[in-house]
Amino acid sequence: MNLSVIYVDILIAVNVFIDFILISCTRKFLHIKIKYIRIILGSILGGVLSLVALLPNIIFPINLAVDFVSACLIVLVAFGICNAKTFIKRVAVYFSLAFSFCGIMLGIYTALKPNGMAIYNDVIYFNISPILLIILTLVCYYILYIIQRLTKGVGGCDVCNIEVIINEKSYSFLAKVDTGCNLKEPFSGNYVIVVENLLINNYIPSEDKARIIPFESLGGNGIIKGFKPNAIKIDGIQKENSIYIGICNNVLNGDIKALIPAELAYKN
């Protein structure tokens with residue numbers, strides 16, 4: 001699949017658009033909360049790196065290495081610095097999505113044979129109408145979205161958007177729905193959302209508002225400090241002020257640093 005002429009502006013624009021979709025899918029798969037400016041910056045970098053298509057044909061091992069390094073750079077710019085394990089997971093998901101996208105596009109090319117489409121050194125190039133480009137990309141996006149919905153993301157977990165108000169300050173974060181998390185404040189019996197303290201700016205409740213909440217887990221028993229926020233929303237729905245926030249430090253692994261009981265997440 002070769003074209004006699006490649007327009008650099010079209011090459012970059014197409015791959016900026018494609019990388020925006022891939023980064024967005026990676027964010028959805030891993031439930032990463034990032035600002036859209038980072039997605040845009042990562043997409044622009046992906047568009048610039050697509051200039052590798054202008055190089056002479058690269059042999060497979062080198063081409064694979066170039067693809068991997070490009071994926072690492074894009075993930076670093078889009079999602080920021082993190083620990084090695086999380087970074088590897090992010091790169092693996094992005095890399096897998098990129099190859100899946102390329103495979104889908106090859107299938108579409110085989111079935112429809114649109115004029116002006118080519119792949120150079122694993123970089124997709126379209127010299128086609130913007131409308132057809134949008135249609136083809138949306139088809140790929142929704143195929144990947146359906147896969148994400150069927151698998152419920154990497155790790156098979158659901159998440160909720162949590163917003164809490166503490167002393168007139170608002171904090172928003174994602175919480176993993178945990179069917180094994182039934183932590184309750186012992187006196188009231190109200191449910192507790194477990195949150196890493198960094199998500200609420202290392203807030204420390206005053207002694208008159210703090211509650212000691214015992215817990216049991218496979219790792220042993222212990223206690224955490226909890227408190228009632230001034231207000232709380234779960235997936236944008238205002239909840240009655242009976243839910244406690246339990247504070248922990250450097251306990252929860254992965255990108256999501258909060259746990260919510262399934263009873264709270266699925267309660268209407």
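Keep in mind that this is a model prediction, so the values were computed, not measured. Numbering starts at 1 and runs along the sequence shown.
At most 12 heavy atoms of other shown residues, nucleotides or ligands fall within 6.0 angstrom of atom CD1 in I204.
Residues I62 and V66 meet the side-chain proximity criterion, which asks for heavy atoms closer than 4.5 Å. For the pair C72/L76, no side-chain contact is recorded, criterion being any heavy-atom separation below 4.5 Å from C-beta on. Side-chain contact between S242 and S188 is absent, with no heavy-atom pair separated by less than 4.5 Å. Within the 4.5 Å cutoff, the side chain of I245 has no heavy atoms near those of the V192 side chain. For the pair I223 and I213, the minimum side-chain heavy-atom distance is 4.5 Å or more. You'll find the side chain of I12 reaches within 4.5 Å of the side chain of V16, heavy atoms only. The closest side-chain heavy-atom distance from V177 to C160 is below 4.5 Å.
Nearest heavy atoms, V164 versus P229: CB-CB, 4.2 Å. Contact between G80 and R90 at its shortest, heavy atoms only, is O-NH1, 4.1 Å. The nearest pair of heavy atoms linking A71 to V91 is CB-CG1, 4.4 Å. Closest approach of K184 to G189, counting heavy atoms only: CD-O, 3.4 Å.
Formation of a donor-acceptor pair under 3.5 Å by the R211 side chain with backbone atoms of K225 is not found in this model. With hydrogens and angles ignored, the 3.5 Å screen pairs a side-chain donor or acceptor of N230 with a backbone N or O of N167. In this structure, D19 contributes its side chain and I44 its backbone to no donor-acceptor pair below 3.5 Å.
Of the candidates L199, I165, I166, Y171 forms a side chain to side chain contact (heavy atoms under 4.5 Å, CB included) with just one, namely I166.
Taking OH of Y203 as the start and CD1 of I247 as the end, the distance is 7.5 Å to the nearest 0.5 Å. Atom-to-atom distance recorded for I234:CD1 and K239:NZ is 5.0 Å, nearest 0.5 angstrom. Between the CG atom in L174 and the NZ atom in K257 there is a gap of 12.5 Å [rounded to 0.5 Å]. In this structure, OH in Y191 is found 11.0 Å from CD1 in I260, a value given to the nearest 0.5 Å. Put simply, CG on D178 and CG on L259 are 5.0 Å apart, with the number rounded to the nearest 0.5 Å. To the nearest 0.5 angstrom, F79 atom CZ is 10.5 Å from I74 atom CD1.
In the hydrophobic clustering of this structure, L51 groups with L22; members are Ile, Leu, Val, Met, Phe, Trp, Tyr whose side-chain heavy atoms approach within less than 4.5 Å, directly or through other members. Cluster annotation: I256 is not connected to I88 through the hydrophobic network of ILVMFWY side chains, with a link wherever side-chain heavy atoms come within less than 4.5 Å. I212 and F187 fall into different hydrophobic clusters, where Ile, Leu, Val, Met, Phe, Trp and Tyr are joined by side-chain heavy atoms under 4.5 Å apart, directly or via other members. In this structure, L198 is a member of the same hydrophobic cluster as I162, with clusters built from ILVMFWY side-chain heavy atoms closer than 4.5 Å.
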Assess whether side-chain contact (heavy atoms from CB on, under 4.5 Å) is satisfied between L11 and N15, documenting all intermediate values. CA-CA 6 Å; L11 174 67; N15 282 276; 3.6 Å; yes
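By the 30° and 60° cut-offs, the orientation of the rings of F68 relative to F95 is perpendicular.
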